[in-house]
Amino acid sequence: MYSAKMPDGFLWGGAVAAHQLEGAWNVDGKGMSIADVMTVGSATKPREITDGVIEGKNYPNHSAIDFYHHYKEDIKLMAEMGFKAFRTSIAWTRIFPNGDDEEPNEAGLKFYDDLFATCHHYGIEPVVTLSHFEIPFNLVKKYNGFTNRKLIDFFVRFATVCFKRYKDSVKYWMTFNEIDNQSAYNEDFLIATNSGIILNNLSEKEKEAAMYQAAHYELVASALAVKVGHKINPNFEIGCMINYSPVRPLTSSSADVLLADKFEQRRDWFSDVHVFGEYPKEVETYINRNGYRSDITDEDRIVLKEGTVDYVGFSYYQTTTVSAEKVKPDELNDLAKAVAKNPTLERSDWGWEIDPEGLRIALNHLTDRYHKPLFIVENGLGAYDKVEADGSIHDDYRVDYLRKHISEMEKAVEIDGVDLMGYLPWGPIDLVSAGTGQMDKRYGFIYVDKNDAGEGDLSRSRKDSFDWYKKVIKTNGLDLN
Ligand code: BGP
């Protein structure tokens, strides 16, 4: 297996999001977020989004793994693995419970003071996402999420408060988690979880129109936040965050290749705007032709140019394969409809294709396209774990997945010359799945005793992967065995 030492200062660690582990959903003044109205699903059954909290339903994010009260113990375990960085989000509703409040909630701000101080105590650098699928529910109901231009101001106010408060305790920021992860909405969902758009009763065209409008406002909000952040602390590194999945044609036919290109254009435009500060031609033409975006001002275009990001953060889980048998290139709109199964790849228990080399391809592609430092801020395998009678957990499948991905990452850095800031695999401690709401879809090096039904005593224990990852970090990536 190929391995290489990573550059000095490489940020090894892990990544989580507030709503997926904190719990304490209504504690110390926290308001209700979109994640608080999502029920538990399964590998085959999607989560339900309810109109408010309905008694008797199971909302796993309400208590999650109660990181809110366990963070000291949890960060200590991550420090034991040698973490250099810990990515989390600031729950918007802890700071602005309704999203449109005039003043922030001091108790919420204080929680993150303490969390970041704990990280620094162990020499762990916090990496913070401002909005990670946890938009205040009030902003969804009252304004229809980011379809409303007012949301720009609410987000920028939230970002400004965070930048000022954590000016000296956080250096690495990201504005919106997986901003591109909203065009492939799920029919069964009531609300697009990224931008908070209520999708009920909208036609396919209306949904797409709403998505382009909302994404535009999110991009403007992000650019404004980048500008404000750099004023508050010029040493801030503020990045974007996309879900990156290299796209492949199922066959070598021109129709499949063109479809793969078009698919990629419709996915990459979000980061194109973040990095270049302008819309790419194909997407601008597509949305104009469809009459999708009515509100984009000259001032917006200036803001986008002035608020470009410092680095490109991305999640990598799998590649995407497309087939023109499913959708003709010129008829591409709902991206999910073009996706075909890749016959060469194995899948996880949740059907996610496993493709380590895709990570190297991703790193090369993003480097060539953006000429910016990259940051892998999510990667990992969701799997069922078995606890043995003596309490041990032999998660060799997880080690195997991560080892292969890290090896490809190291090739990209060492052989291809990619400028990479760090590697933060998803869910270093078991947490609530964003997609299914399950606890039993586990990513962690640290096991948490809680299952899908919410049973368990929340105790933490080390899986086999814990010691393996500790060694990887200790040798700066050289020893992957
Ligand atoms: C990404 C999200 C994360 C995380 C991850 C794994 O898209 O940014 O929040 O959850 O996917 O997905 P899941 O939790 O559905 O397994």
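Remember, it's 1-based here, ligands and their atoms both numbered in the order they're listed. Values below: all heavy atoms of this structure, side chains included; hydrogens, waters and symmetry mates excluded. Sequence positions, counted from 1, serve as the residue numbers for this chain.
In this structure, CE on M38 lies 9.5 Å from CZ on F133, to the nearest 0.5 angstrom.
When side chains are defined from C-beta on, M241 does not count as touching I179, because their heavy atoms never get closer than 4.5 Å. Taking the side chain as every heavy atom from C-beta outward, R87 and P126 never approach each other to under 4.5 Å.
The pair D355-R347 fails the salt-bridge criterion, with no side-chain N (NZ, NE, NH1 or NH2) lying under 4.0 Å from an Asp/Glu carboxylate O.
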List, for ligand 1, each N/O atom that has a protein N/O partner under 3.5 Å away, with both atom names and the distance.
from     : atom 1 : to   : atom 2 : distance (Å)
ligand 1 : 7 (O)  : E178 : OE1    : 2.7
ligand 1 : 7 (O)  : E178 : OE2    : 2.9
ligand 1 : 8 (O)  : H132 : NE2    : 3.3
ligand 1 : 8 (O)  : N177 : ND2    : 2.9
ligand 1 : 8 (O)  : E378 : OE1    : 3.3
ligand 1 : 8 (O)  : E378 : OE2    : 2.9
ligand 1 : 9 (O)  : Q20  : OE1    : 2.7
ligand 1 : 9 (O)  : H132 : NE2    : 2.8
ligand 1 : 10 (O) : Q20  : NE2    : 3.1
ligand 1 : 14 (O) : S433 : OG     : 3.2
ligand 1 : 14 (O) : A434 : N      : 2.7
ligand 1 : 15 (O) : S433 : OG     : 3.2
ligand 1 : 15 (O) : G435 : N      : 2.8
ligand 1 : 16 (O) : K441 : NZ     : 2.7
ligand 1 : 16 (O) : Y443 : OH     : 2.5

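Listed by chain and number, the residues in a side-chain hydrogen bond (donor to acceptor under 3.5 Å, both in side chains) with D368 amount to none (sequence neighbours excluded).
Taking the six-membered ring where the residue is Trp, the centroids of F116 and Y166 are separated by under 6.0 Å.
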